[in-house]
Amino acid sequence: MRRQSYIRAELLKLPLFLLLFGAASVSMIVPALHGLVVHDHEASRAFFYAGLLGTVVFVLLAVALSGRPSRSTALGPLISLFSAFVFLPLVLAVPFIEALPTTRFLHAYFEMVSAITTTGATMFDDPGRLSGTLHLWRAQVGWMGGLLMWVAASAILAPLHLGGFEVTAQAEPGHIDPEASGRMAPIDPRERLLRASRALLPIYAGLTLLLWVLLLVGGATPLTALCHAMSVMATSGISPVGGVEHAQTGLSGEAVMVLFMLFALSRLTFSKDTVTATQGGLLTDPEFRIGIFVVIAVPLLLFGRHFLGAFDVAAMENLTQAGYALWGAVFTVMSFLTTTGFVSEYWGEAKSWSGLATPGLILMGLALIGGGVATTAGGVKLLRVFALYRNGTREMERLVHPSSVSGAGLSGRRLQSNGAFIAWIFFMLFALSLAAVTLLLTLAGTKFEAALVLSVASLSTTGPLVQYATDTPIHLIELSLTAKAVLCGAMVLGRLETLAIIALLTPDLWRT
(Lines give C-alpha, C1' and ligand atoms only; values in the text may rest on other atoms or scores of the structure.)
Protein backbone atom coordinates (compact mmCIF):
# COMPACT_ATOMS: atom_id res chain seq x y z
CA MET A 1 0.00 0.00 0.00
CA ARG A 2 2.77 2.42 0.86
CA ARG A 3 4.55 1.64 -2.38
CA GLN A 4 1.34 2.24 -4.38
CA SER A 5 0.77 5.51 -2.55
CA TYR A 6 4.34 6.58 -3.29
CA ILE A 7 4.01 5.73 -6.99
CA ARG A 8 0.70 7.58 -7.17
CA ALA A 9 2.21 10.63 -5.47
CA GLU A 10 5.17 10.64 -7.84
CA LEU A 11 2.94 10.30 -10.88
CA LEU A 12 0.86 13.25 -9.72
CA LYS A 13 4.01 15.37 -9.66
CA LEU A 14 4.70 14.75 -13.34
CA PRO A 15 3.57 17.28 -15.95
CA LEU A 16 0.15 16.57 -17.37
CA PHE A 17 1.43 16.49 -20.94
CA LEU A 18 3.95 13.80 -20.00
CA LEU A 19 1.18 11.71 -18.44
CA LEU A 20 -0.89 12.07 -21.60
CA PHE A 21 2.14 11.07 -23.65
CA GLY A 22 2.57 7.95 -21.56
CA ALA A 23 -1.12 7.04 -21.77
CA ALA A 24 -1.09 7.49 -25.56
CA SER A 25 1.98 5.28 -25.87
CA VAL A 26 0.48 2.50 -23.76
CA SER A 27 -2.81 2.68 -25.70
CA MET A 28 -1.01 1.69 -28.89
CA ILE A 29 -1.08 -1.88 -27.66
CA VAL A 30 -4.77 -2.08 -28.64
CA PRO A 31 -4.28 -1.61 -32.42
CA ALA A 32 -1.12 -3.72 -32.18
CA LEU A 33 -3.15 -6.64 -30.81
CA HIS A 34 -5.87 -6.05 -33.38
CA GLY A 35 -3.34 -6.16 -36.21
CA LEU A 36 -1.95 -9.38 -34.79
CA VAL A 37 -5.38 -11.00 -34.61
CA VAL A 38 -6.38 -10.04 -38.18
CA HIS A 39 -2.91 -10.93 -39.51
CA ASP A 40 -2.04 -7.33 -40.41
CA HIS A 41 1.49 -7.85 -39.14
CA GLU A 42 2.96 -4.72 -40.70
CA ALA A 43 0.52 -2.47 -38.85
CA SER A 44 0.86 -4.56 -35.70
CA ARG A 45 4.63 -4.14 -35.66
CA ALA A 46 4.33 -0.40 -36.33
CA PHE A 47 2.05 0.16 -33.33
CA PHE A 48 3.93 -2.22 -31.06
CA TYR A 49 7.33 -0.66 -31.69
CA ALA A 50 5.98 2.90 -31.50
CA GLY A 51 4.15 2.12 -28.26
CA LEU A 52 7.18 0.39 -26.77
CA LEU A 53 9.47 3.28 -27.68
CA GLY A 54 7.04 5.83 -26.31
CA THR A 55 6.61 3.90 -23.07
CA VAL A 56 10.39 3.64 -22.60
CA VAL A 57 10.78 7.39 -23.19
CA PHE A 58 7.99 8.08 -20.71
CA VAL A 59 9.59 5.90 -18.03
CA LEU A 60 12.99 7.52 -18.53
CA LEU A 61 11.55 11.02 -18.30
CA ALA A 62 9.47 10.07 -15.27
CA VAL A 63 12.55 8.73 -13.48
CA ALA A 64 14.55 11.82 -14.43
CA LEU A 65 11.85 14.15 -13.06
CA SER A 66 11.16 12.14 -9.89
CA GLY A 67 12.14 13.81 -6.67
CA ARG A 68 11.95 17.30 -8.11
CA PRO A 69 9.60 19.80 -6.45
CA SER A 70 6.22 20.06 -8.14
CA ARG A 71 5.17 23.51 -9.28
CA SER A 72 1.44 23.75 -9.85
CA THR A 73 -0.16 26.87 -11.34
CA ALA A 74 -3.49 27.69 -12.89
CA LEU A 75 -1.81 27.91 -16.28
CA GLY A 76 -0.13 24.49 -16.17
CA PRO A 77 -3.11 22.20 -16.93
CA LEU A 78 -4.50 24.60 -19.54
CA ILE A 79 -1.25 24.85 -21.46
CA SER A 80 -0.85 21.06 -21.17
CA LEU A 81 -4.29 20.64 -22.70
CA PHE A 82 -3.32 22.97 -25.53
CA SER A 83 -0.07 21.03 -26.03
CA ALA A 84 -1.99 17.75 -26.13
CA PHE A 85 -3.99 18.93 -29.14
CA VAL A 86 -0.99 20.44 -30.94
CA PHE A 87 2.02 18.24 -30.17
CA LEU A 88 0.59 14.88 -29.08
CA PRO A 89 -0.69 14.15 -32.63
CA LEU A 90 2.96 14.17 -33.73
CA VAL A 91 3.47 11.10 -31.57
CA LEU A 92 0.16 9.52 -32.54
CA ALA A 93 0.98 9.92 -36.24
CA VAL A 94 4.22 7.90 -36.04
CA PRO A 95 2.65 4.41 -36.14
CA PHE A 96 0.06 5.67 -38.65
CA ILE A 97 2.70 6.74 -41.16
CA GLU A 98 4.68 3.54 -40.53
CA ALA A 99 1.63 1.40 -41.26
CA LEU A 100 0.72 3.51 -44.33
CA PRO A 101 4.03 4.62 -45.87
CA THR A 102 2.32 5.72 -49.11
CA THR A 103 1.01 8.92 -47.53
CA ARG A 104 2.69 12.08 -46.27
CA PHE A 105 3.43 12.76 -42.63
CA LEU A 106 1.31 15.93 -42.81
CA HIS A 107 -1.67 13.81 -43.80
CA ALA A 108 -1.08 11.46 -40.88
CA TYR A 109 -0.71 14.44 -38.54
CA PHE A 110 -3.94 15.91 -39.92
CA GLU A 111 -5.75 12.63 -39.27
CA MET A 112 -4.56 12.56 -35.67
CA VAL A 113 -5.42 16.22 -35.01
CA SER A 114 -8.84 15.61 -36.53
CA ALA A 115 -9.32 12.53 -34.36
CA ILE A 116 -8.09 13.87 -31.01
CA THR A 117 -10.15 17.05 -31.41
CA THR A 118 -13.18 14.81 -32.21
CA THR A 119 -13.59 16.57 -35.57
CA GLY A 120 -13.61 13.41 -37.69
CA ALA A 121 -12.49 14.96 -40.99
CA THR A 122 -10.36 12.61 -43.05
CA MET A 123 -7.96 12.85 -45.95
CA PHE A 124 -8.98 9.43 -47.23
CA ASP A 125 -12.39 9.55 -48.91
CA ASP A 126 -12.16 5.86 -49.74
CA PRO A 127 -12.35 3.83 -46.49
CA GLY A 128 -10.67 0.93 -48.30
CA ARG A 129 -7.46 2.94 -48.44
CA LEU A 130 -6.93 2.29 -44.73
CA SER A 131 -6.73 -1.07 -43.02
CA GLY A 132 -9.05 -2.04 -40.21
CA THR A 133 -6.24 -1.47 -37.70
CA LEU A 134 -5.78 2.12 -38.85
CA HIS A 135 -9.53 2.73 -38.72
CA LEU A 136 -9.54 1.38 -35.18
CA TRP A 137 -6.66 3.70 -34.26
CA ARG A 138 -8.46 6.75 -35.65
CA ALA A 139 -11.62 5.89 -33.71
CA GLN A 140 -9.62 5.13 -30.57
CA VAL A 141 -7.76 8.44 -30.70
CA GLY A 142 -11.09 10.21 -31.16
CA TRP A 143 -12.48 8.29 -28.18
CA MET A 144 -9.50 9.28 -26.04
CA GLY A 145 -9.87 12.89 -27.18
CA GLY A 146 -13.50 12.86 -26.08
CA LEU A 147 -12.54 11.43 -22.70
CA LEU A 148 -9.87 14.10 -22.36
CA MET A 149 -12.47 16.83 -22.91
CA TRP A 150 -14.87 15.21 -20.43
CA VAL A 151 -12.20 15.18 -17.74
CA ALA A 152 -10.71 18.56 -18.65
CA ALA A 153 -14.12 20.21 -18.46
CA SER A 154 -14.39 19.36 -14.76
CA ALA A 155 -10.76 19.58 -13.71
CA ILE A 156 -9.36 22.37 -15.91
CA LEU A 157 -12.00 24.48 -17.65
CA ALA A 158 -14.58 24.67 -14.84
CA PRO A 159 -12.21 26.16 -12.20
CA LEU A 160 -11.07 28.76 -14.73
CA HIS A 161 -14.66 29.43 -15.88
CA LEU A 162 -14.02 28.50 -19.50
CA GLY A 163 -15.65 26.18 -22.02
CA GLY A 164 -19.16 27.50 -21.31
CA PHE A 165 -18.87 27.66 -17.52
CA GLU A 166 -18.20 31.40 -17.81
CA VAL A 167 -21.89 31.98 -18.61
CA THR A 168 -23.04 31.08 -15.10
CA ALA A 169 -19.86 31.89 -13.15
CA GLN A 170 -19.24 34.92 -10.95
CA ALA A 171 -15.58 35.32 -11.79
CA GLU A 172 -14.14 36.52 -15.09
CA PRO A 173 -13.25 33.89 -17.72
CA GLY A 174 -9.76 32.53 -17.20
CA HIS A 175 -9.68 33.41 -13.48
CA ILE A 176 -10.49 31.39 -10.37
CA ASP A 177 -13.35 32.75 -8.27
CA PRO A 178 -11.65 34.43 -5.28
CA GLU A 179 -14.69 33.98 -3.03
CA ALA A 180 -14.94 30.26 -3.78
CA SER A 181 -11.23 29.74 -3.27
CA GLY A 182 -11.43 31.58 0.04
CA ARG A 183 -14.22 29.37 1.37
CA MET A 184 -12.40 26.09 0.77
CA ALA A 185 -8.87 24.79 0.66
CA PRO A 186 -7.34 24.96 -2.81
CA ILE A 187 -7.10 21.64 -4.60
CA ASP A 188 -4.08 20.77 -6.66
CA PRO A 189 -4.97 20.69 -10.38
CA ARG A 190 -3.48 17.22 -10.73
CA GLU A 191 -5.64 16.00 -7.85
CA ARG A 192 -8.70 17.43 -9.58
CA LEU A 193 -7.73 15.59 -12.75
CA LEU A 194 -7.36 12.33 -10.85
CA ARG A 195 -10.74 12.71 -9.15
CA ALA A 196 -12.48 13.59 -12.42
CA SER A 197 -10.84 10.65 -14.20
CA ARG A 198 -11.94 8.23 -11.49
CA ALA A 199 -15.51 9.51 -11.68
CA LEU A 200 -15.94 9.79 -15.46
CA LEU A 201 -13.78 7.04 -16.97
CA PRO A 202 -15.98 4.13 -15.77
CA ILE A 203 -19.10 5.90 -17.07
CA TYR A 204 -17.51 6.73 -20.41
CA ALA A 205 -16.06 3.26 -20.93
CA GLY A 206 -19.20 1.51 -19.71
CA LEU A 207 -21.48 3.45 -22.05
CA THR A 208 -19.15 2.76 -24.97
CA LEU A 209 -19.13 -0.97 -24.19
CA LEU A 210 -22.91 -1.04 -23.89
CA LEU A 211 -23.38 0.74 -27.22
CA TRP A 212 -20.88 -1.64 -28.87
CA VAL A 213 -22.86 -4.66 -27.69
CA LEU A 214 -26.16 -3.15 -28.86
CA LEU A 215 -24.73 -2.39 -32.31
CA LEU A 216 -23.38 -5.93 -32.54
CA VAL A 217 -26.87 -7.23 -31.80
CA GLY A 218 -28.14 -4.90 -34.52
CA GLY A 219 -26.04 -6.67 -37.14
CA ALA A 220 -22.84 -4.61 -37.41
CA THR A 221 -19.43 -6.25 -37.64
CA PRO A 222 -17.31 -6.10 -34.46
CA LEU A 223 -14.88 -3.51 -35.85
CA THR A 224 -17.61 -1.31 -37.32
CA ALA A 225 -19.71 -1.53 -34.15
CA LEU A 226 -16.73 -0.64 -31.95
CA CYS A 227 -15.64 2.31 -34.10
CA HIS A 228 -19.18 3.67 -34.29
CA ALA A 229 -19.69 3.22 -30.56
CA MET A 230 -16.51 5.13 -29.76
CA SER A 231 -17.36 7.78 -32.34
CA VAL A 232 -20.86 8.37 -30.96
CA MET A 233 -19.60 8.75 -27.40
CA ALA A 234 -16.80 11.07 -28.52
CA THR A 235 -18.97 12.83 -31.17
CA SER A 236 -16.10 12.32 -33.63
CA GLY A 237 -18.10 10.84 -36.52
CA ILE A 238 -15.29 8.45 -37.49
CA SER A 239 -16.43 5.39 -39.45
CA PRO A 240 -14.46 2.51 -40.98
CA VAL A 241 -17.12 1.98 -43.67
CA GLY A 242 -17.80 5.55 -44.76
CA GLY A 243 -20.74 6.29 -42.47
CA VAL A 244 -23.71 4.79 -40.67
CA GLU A 245 -25.57 4.37 -43.95
CA HIS A 246 -23.06 1.64 -44.91
CA ALA A 247 -23.04 -0.16 -41.56
CA GLN A 248 -26.13 -2.28 -42.31
CA THR A 249 -27.57 -1.75 -38.82
CA GLY A 250 -30.83 -0.30 -40.11
CA LEU A 251 -33.35 1.66 -38.14
CA SER A 252 -32.69 -0.17 -34.86
CA GLY A 253 -28.98 0.67 -34.89
CA GLU A 254 -29.67 4.34 -35.60
CA ALA A 255 -32.29 4.46 -32.83
CA VAL A 256 -29.74 3.14 -30.33
CA MET A 257 -27.20 5.72 -31.48
CA VAL A 258 -29.69 8.54 -30.99
CA LEU A 259 -30.23 7.48 -27.38
CA PHE A 260 -26.51 7.67 -26.69
CA MET A 261 -26.20 11.01 -28.50
CA LEU A 262 -28.37 12.46 -25.74
CA PHE A 263 -25.27 12.47 -23.53
CA ALA A 264 -23.85 15.24 -25.74
CA LEU A 265 -26.84 17.53 -25.17
CA SER A 266 -26.28 18.13 -21.48
CA ARG A 267 -23.71 17.18 -18.88
CA LEU A 268 -26.56 16.45 -16.47
CA THR A 269 -27.16 13.19 -18.36
CA PHE A 270 -24.08 11.74 -16.67
CA SER A 271 -22.97 14.21 -13.96
CA LYS A 272 -24.29 16.84 -11.55
CA ASP A 273 -21.19 18.97 -11.06
CA THR A 274 -22.30 21.97 -13.13
CA VAL A 275 -24.19 25.09 -12.08
CA THR A 276 -27.29 24.04 -13.99
CA ALA A 277 -27.56 21.02 -11.72
CA THR A 278 -29.18 23.25 -9.10
CA GLN A 279 -32.09 24.09 -11.39
CA GLY A 280 -34.14 20.94 -10.91
CA GLY A 281 -32.43 18.18 -12.83
CA LEU A 282 -32.39 16.99 -16.41
CA LEU A 283 -36.03 17.67 -17.27
CA THR A 284 -35.68 21.35 -16.38
CA ASP A 285 -32.16 21.74 -17.74
CA PRO A 286 -32.25 24.48 -20.42
CA GLU A 287 -29.61 22.82 -22.60
CA PHE A 288 -31.42 19.50 -22.74
CA ARG A 289 -34.80 21.12 -23.39
CA ILE A 290 -33.47 23.33 -26.19
CA GLY A 291 -31.68 20.37 -27.75
CA ILE A 292 -34.81 18.21 -27.72
CA PHE A 293 -36.85 21.11 -29.12
CA VAL A 294 -34.43 21.53 -32.03
CA VAL A 295 -34.35 17.80 -32.74
CA ILE A 296 -38.17 17.72 -32.89
CA ALA A 297 -38.87 21.08 -34.53
CA VAL A 298 -36.38 21.03 -37.42
CA PRO A 299 -37.42 17.60 -38.82
CA LEU A 300 -41.10 18.53 -38.47
CA LEU A 301 -40.52 21.73 -40.41
CA LEU A 302 -38.70 19.84 -43.15
CA PHE A 303 -41.37 17.16 -43.20
CA GLY A 304 -44.26 19.62 -42.96
CA ARG A 305 -42.99 21.67 -45.88
CA HIS A 306 -43.30 18.69 -48.20
CA PHE A 307 -46.52 17.51 -46.51
CA LEU A 308 -48.31 20.75 -47.35
CA GLY A 309 -46.95 20.80 -50.89
CA ALA A 310 -47.76 17.16 -51.54
CA PHE A 311 -51.31 17.22 -50.21
CA ASP A 312 -52.80 18.47 -53.47
CA VAL A 313 -50.72 16.28 -55.78
CA ALA A 314 -51.49 13.02 -53.92
CA ALA A 315 -47.86 12.24 -53.24
CA MET A 316 -48.52 10.75 -49.81
CA GLU A 317 -49.39 7.25 -50.99
CA ASN A 318 -46.32 5.63 -49.50
CA LEU A 319 -46.63 6.32 -45.77
CA THR A 320 -43.71 4.01 -45.04
CA GLN A 321 -41.41 6.15 -47.13
CA ALA A 322 -42.74 9.21 -45.33
CA GLY A 323 -41.92 7.64 -41.96
CA TYR A 324 -38.42 6.76 -43.10
CA ALA A 325 -37.96 10.32 -44.35
CA LEU A 326 -39.04 11.74 -40.98
CA TRP A 327 -36.71 9.39 -39.11
CA GLY A 328 -33.81 10.22 -41.42
CA ALA A 329 -34.28 13.89 -40.62
CA VAL A 330 -34.51 13.25 -36.86
CA PHE A 331 -31.35 11.15 -36.74
CA THR A 332 -29.31 13.50 -38.94
CA VAL A 333 -30.43 16.61 -37.07
CA MET A 334 -29.55 14.99 -33.74
CA SER A 335 -26.20 13.86 -35.09
CA PHE A 336 -25.14 17.26 -36.42
CA LEU A 337 -26.51 19.16 -33.41
CA THR A 338 -24.22 17.07 -31.22
CA THR A 339 -21.43 17.62 -33.82
CA THR A 340 -21.13 13.87 -34.39
CA GLY A 341 -21.72 14.17 -38.11
CA PHE A 342 -23.26 10.78 -38.89
CA VAL A 343 -25.92 10.79 -41.62
CA SER A 344 -28.93 8.49 -41.52
CA GLU A 345 -29.43 5.75 -44.06
CA TYR A 346 -32.71 7.51 -44.85
CA TRP A 347 -31.29 11.01 -45.24
CA GLY A 348 -31.79 10.75 -48.99
CA GLU A 349 -35.54 10.35 -48.48
CA ALA A 350 -35.49 13.22 -45.97
CA LYS A 351 -33.79 15.52 -48.48
CA SER A 352 -36.24 14.66 -51.22
CA TRP A 353 -39.18 15.21 -48.88
CA SER A 354 -37.83 18.56 -47.67
CA GLY A 355 -37.70 19.87 -51.22
CA LEU A 356 -34.73 22.08 -50.32
CA ALA A 357 -31.98 22.52 -52.87
CA THR A 358 -29.30 23.13 -50.21
CA PRO A 359 -30.16 21.21 -46.99
CA GLY A 360 -26.47 21.40 -46.12
CA LEU A 361 -27.03 24.93 -44.82
CA ILE A 362 -29.29 23.47 -42.13
CA LEU A 363 -26.58 20.99 -41.13
CA MET A 364 -24.04 23.82 -40.89
CA GLY A 365 -26.39 25.81 -38.66
CA LEU A 366 -26.96 22.83 -36.38
CA ALA A 367 -23.22 22.20 -36.08
CA LEU A 368 -22.61 25.87 -35.21
CA ILE A 369 -25.15 25.65 -32.37
CA GLY A 370 -23.45 22.55 -30.99
CA GLY A 371 -24.24 20.47 -27.92
CA GLY A 372 -24.03 20.96 -24.19
CA VAL A 373 -21.39 22.56 -22.01
CA ALA A 374 -18.72 20.21 -20.64
CA THR A 375 -19.59 17.47 -23.12
CA THR A 376 -17.66 16.11 -26.07
CA ALA A 377 -19.72 18.21 -28.50
CA GLY A 378 -18.33 21.35 -30.11
CA GLY A 379 -19.98 24.48 -31.50
CA VAL A 380 -21.18 27.59 -29.70
CA LYS A 381 -22.94 25.40 -27.06
CA LEU A 382 -26.59 25.32 -26.09
CA LEU A 383 -26.11 27.12 -22.76
CA ARG A 384 -24.74 30.20 -24.53
CA VAL A 385 -27.68 30.10 -26.95
CA PHE A 386 -30.04 29.88 -23.98
CA ALA A 387 -28.35 32.85 -22.28
CA LEU A 388 -28.78 34.98 -25.42
CA TYR A 389 -32.41 33.86 -25.67
CA ARG A 390 -33.15 34.78 -22.05
CA ASN A 391 -31.49 38.13 -22.50
CA GLY A 392 -33.54 38.78 -25.65
CA THR A 393 -36.85 37.92 -23.99
CA ARG A 394 -35.96 40.10 -21.00
CA GLU A 395 -35.13 43.06 -23.23
CA MET A 396 -38.45 42.69 -25.08
CA GLU A 397 -40.23 42.54 -21.72
CA ARG A 398 -38.54 45.78 -20.69
CA LEU A 399 -39.69 47.43 -23.91
CA VAL A 400 -43.29 46.77 -22.86
CA HIS A 401 -42.77 47.32 -19.10
CA PRO A 402 -39.67 49.52 -18.60
CA SER A 403 -39.95 49.44 -14.81
CA SER A 404 -40.45 45.69 -14.48
CA VAL A 405 -38.20 43.55 -12.29
CA SER A 406 -37.08 40.13 -13.42
CA GLY A 407 -38.47 37.28 -11.35
CA ALA A 408 -35.88 34.78 -12.52
CA GLY A 409 -33.95 34.80 -9.24
CA LEU A 410 -30.26 35.44 -8.63
CA SER A 411 -28.96 32.79 -11.03
CA GLY A 412 -31.51 33.76 -13.67
CA ARG A 413 -30.58 37.44 -13.47
CA ARG A 414 -26.93 36.48 -13.77
CA LEU A 415 -27.78 34.52 -16.91
CA GLN A 416 -29.84 37.38 -18.35
CA SER A 417 -27.20 40.07 -17.84
CA ASN A 418 -23.55 39.16 -17.32
CA GLY A 419 -23.95 35.62 -18.63
CA ALA A 420 -25.54 36.86 -21.83
CA PHE A 421 -22.83 39.50 -22.18
CA ILE A 422 -20.08 36.87 -21.96
CA ALA A 423 -22.03 34.60 -24.33
CA TRP A 424 -22.33 37.44 -26.83
CA ILE A 425 -18.59 38.11 -26.59
CA PHE A 426 -17.87 34.46 -27.29
CA PHE A 427 -20.30 34.47 -30.20
CA MET A 428 -18.54 37.47 -31.73
CA LEU A 429 -15.13 35.86 -31.18
CA PHE A 430 -16.43 32.71 -32.83
CA ALA A 431 -17.71 34.74 -35.78
CA LEU A 432 -14.37 36.56 -36.09
CA SER A 433 -12.55 33.22 -35.98
CA LEU A 434 -14.86 31.88 -38.68
CA ALA A 435 -14.17 34.90 -40.87
CA ALA A 436 -10.41 34.69 -40.28
CA VAL A 437 -10.19 30.98 -41.08
CA THR A 438 -12.32 31.46 -44.20
CA LEU A 439 -10.07 34.30 -45.33
CA LEU A 440 -6.91 32.29 -44.76
CA LEU A 441 -8.31 29.33 -46.68
CA THR A 442 -9.28 31.52 -49.63
CA LEU A 443 -5.81 33.05 -49.60
CA ALA A 444 -4.44 29.50 -49.71
CA GLY A 445 -6.31 28.87 -52.97
CA THR A 446 -9.59 27.37 -51.75
CA LYS A 447 -12.86 28.50 -53.30
CA PHE A 448 -15.04 30.66 -51.07
CA GLU A 449 -17.93 28.19 -50.72
CA ALA A 450 -15.60 25.33 -49.85
CA ALA A 451 -13.59 27.60 -47.51
CA LEU A 452 -16.75 28.54 -45.61
CA VAL A 453 -17.81 24.92 -45.20
CA LEU A 454 -14.31 23.91 -44.10
CA SER A 455 -14.21 26.74 -41.56
CA VAL A 456 -17.54 25.75 -40.02
CA ALA A 457 -16.54 22.07 -40.00
CA SER A 458 -13.23 22.70 -38.25
CA LEU A 459 -14.36 25.31 -35.72
CA SER A 460 -17.45 23.32 -34.77
CA THR A 461 -15.46 20.03 -34.79
CA THR A 462 -17.93 18.49 -37.26
CA GLY A 463 -15.68 17.04 -39.96
CA PRO A 464 -18.35 15.14 -41.94
CA LEU A 465 -19.78 18.51 -43.02
CA VAL A 466 -17.24 18.50 -45.85
CA GLN A 467 -19.08 15.51 -47.32
CA TYR A 468 -22.68 16.61 -46.89
CA ALA A 469 -22.86 20.43 -46.68
CA THR A 470 -22.29 20.99 -50.39
CA ASP A 471 -23.67 19.47 -53.57
CA THR A 472 -20.35 17.72 -54.21
CA PRO A 473 -18.06 16.48 -51.41
CA ILE A 474 -14.92 18.46 -50.66
CA HIS A 475 -11.77 16.35 -51.11
CA LEU A 476 -9.38 17.45 -48.36
CA ILE A 477 -6.42 15.69 -49.91
CA GLU A 478 -6.64 18.06 -52.89
CA LEU A 479 -6.13 21.16 -50.71
CA SER A 480 -2.80 22.95 -50.62
CA LEU A 481 -0.33 22.34 -47.80
CA THR A 482 -1.06 25.80 -46.41
CA ALA A 483 -4.79 25.11 -46.33
CA LYS A 484 -4.23 21.81 -44.51
CA ALA A 485 -2.07 23.57 -41.92
CA VAL A 486 -4.75 26.23 -41.44
CA LEU A 487 -7.36 23.54 -40.89
CA CYS A 488 -5.19 21.86 -38.26
CA GLY A 489 -4.97 25.13 -36.35
CA ALA A 490 -8.69 25.76 -36.78
CA MET A 491 -9.57 22.33 -35.36
CA VAL A 492 -7.46 23.00 -32.26
CA LEU A 493 -9.04 26.44 -31.91
CA GLY A 494 -12.52 24.99 -32.26
CA ARG A 495 -11.88 22.25 -29.72
CA LEU A 496 -10.21 24.40 -27.07
CA GLU A 497 -12.33 27.52 -27.86
CA THR A 498 -11.22 31.10 -28.36
CA LEU A 499 -11.65 32.21 -24.74
CA ALA A 500 -9.25 29.51 -23.55
CA ILE A 501 -6.65 30.58 -26.13
CA ILE A 502 -7.02 34.19 -24.99
CA ALA A 503 -6.69 33.07 -21.36
CA LEU A 504 -3.36 31.47 -22.25
CA LEU A 505 -2.15 34.89 -23.39
CA THR A 506 -3.32 36.71 -20.24
CA PRO A 507 -0.32 37.98 -18.22
CA ASP A 508 -2.22 37.68 -14.93
CA LEU A 509 -2.72 33.96 -15.47
CA TRP A 510 0.99 33.43 -16.02
CA ARG A 511 1.75 35.07 -12.69
CA THR A 512 -0.69 32.92 -10.68
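Note that this is a predicted model, so its numbers are computed, not measured.
The two residues Phe331 and Val343 have their closest heavy-atom pair at CE2-C, 3.9 Å. Here the closest non-hydrogen pair linking Arg192 and Pro159 is NE-CG, 3.5 Å. Pairing each heavy atom of Ala84 with each of Leu20, the nearest pair is CB-CD1, 3.6 Å. The shortest heavy-atom contact between Leu476 and Ala121 is CD1-CB, 3.8 Å. Shown here for Ala451 and Thr442, the closest heavy-atom pair between the two residues is CB-CG2, 3.7 Å.
Atoms OG1 and CZ, on Thr338 and Phe260 in that order, are 14.0 Å from each other to the nearest 0.5 Å. To the nearest 0.5 Å, the span separating CD on Glu111 from OG1 on Thr103 amounts to 8.0 Å.
Ring-plane geometry between His39 and His41 is classed as perpendicular, the angle between the planes exceeding 60 degrees on a 0 to 90 degree scale with a lower cut at 30. Using a 30° and 60° split on the angle between ring planes, Phe124 and His107 fall in the perpendicular class, above 60°.
The closest side-chain donor-acceptor pair between Thr482 and Ser480, if any, does not fall under 3.5 angstrom. Side chains of Thr133 and Ser131: a donor-acceptor N/O pair is absent below 3.5 angstrom, by distance only.
Proximity of Ser239 to Phe342: side-chain heavy atoms (C-beta onward) are separated by under 4.5 Å at one or more points.
Phe47 pairs in a side-chain contact (heavy atoms from CB on, under 4.5 Å) with only one of the listed residues (Leu52, Asp40, Leu134), which is Leu134.
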